[in-house]
Amino acid sequence: MSLSSEELTRYSRNILLNGVGRKGQEKIKSSIVSIIGLGGLGSPTALYLSAAGVGELRIIDSDVVDLTNLQRQILYTTNSQNYSKAEVAQKKLTELNDKILIKQFNTRITKDNINEILQGSHLVLEGSDNFETKFLVNDFCVLNSLPLLVAGILRFEGQVLGIIPNQTACYRCTFPEMPGADSIPNCAEAGVLGSVAGIVGSIQATEALKYLVFGESEIFGKILNCDFYNLEIRKIQRKRNKNCPICGDTKKYFTLEHHGEIDRNCKI
Ligand SMILES: [Zn+2]
């Protein structure tokens, strides 16, 4: 996919990078990336990937903007309150870069609509605030061989996990059981520093761009644990779990129809 002279100028600082060049920028332009959750993580990832020239972004969120979001969700302003995050984000991202296609989905991702929304993506970025979505997206991506970056934030901390299905540990290999609704506090209960969301989302965007250009990135097969209170960042190798019900040797489930069943019945 060739670049216009305007695009060569717009993306010149990418193109100057060793190993990126015009070819790398063309790869970015021909990529389709889906971003699930347009909150503290989805805001920086969507902004940076739009600015970088990802050819097609699919952005998914069912929420409307509220006042408590504005401390960290940098896609939105005070005037965005009560409007759909997906719709406001599409407008904002198009203002930033009108050379790319932004498809917005003002809906919660479910096992009934996930195929329609994510199919054809080259990479999926998960940054929602709930485990149900994280497990569902993991299962879909593993079953459909879509590379996935899952991120989470809480208080002063963040995590990013990179998954190449059937090659590296999946989210279920790493977190075998979905935590109960009350066992882990969320940002609404325990708080989160806005700038932490910015850093962790930016790490997700950086790893995404490296993957799109180079076909690999250091994050895959690893979990990056970031503790910004103590300013400690650790990269930990994750092993595949041979008993994982979705990607292990003895995997039992081959379709998303079983997705809820795994979480109700399966201890691994
Ligand atoms: Zn697995």
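Atom set for the values below is all heavy atoms of this structure, side chains included, hydrogens, waters and symmetry mates excluded. Start at 1 and go down the list; that is how both ligands and their atoms are numbered.
Every residue was checked against the side-chain hydrogen bond (donor to acceptor under 3.5 Å, both in side chains) condition with Gln104, not counting sequence neighbours, and none meets it. Under the rule for a side chain to side chain contact (heavy atoms under 4.5 Å, CB included), the partners of Arg155 that lie at least two apart in sequence or sit in another chain are Pro185, Ala190. For Thr78, the side chain to side chain contact (heavy atoms under 4.5 Å, CB included) partners are Leu70, Gln81, not counting sequence neighbours.
Sorted by chain and number, the protein atoms of type N, O or S within less than 2.8 Å of the Zn ion (ligand 1) are Cys170 SG, Cys173 SG, Cys244 SG, Cys247 SG.
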Notebook entry, point to check: Are Ser5 and Glu7 close enough, and set up right, to give a side-chain hydrogen bond (donor to acceptor under 3.5 Å, both in side chains), and what steps lead you there?
Noted result: CA-CA 5 Å; Ser5 63; Glu7 287 171 318; over 6 Å; no
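Applying the 6.0 Å contact sphere to CD of Gln237 captures more than 12 heavy atoms from other residues, nucleotides or ligands.
Defined by atom type and a distance below 3.5 Å, a donor-acceptor pair is missing between the side-chain atoms of Thr110 and Asp112.
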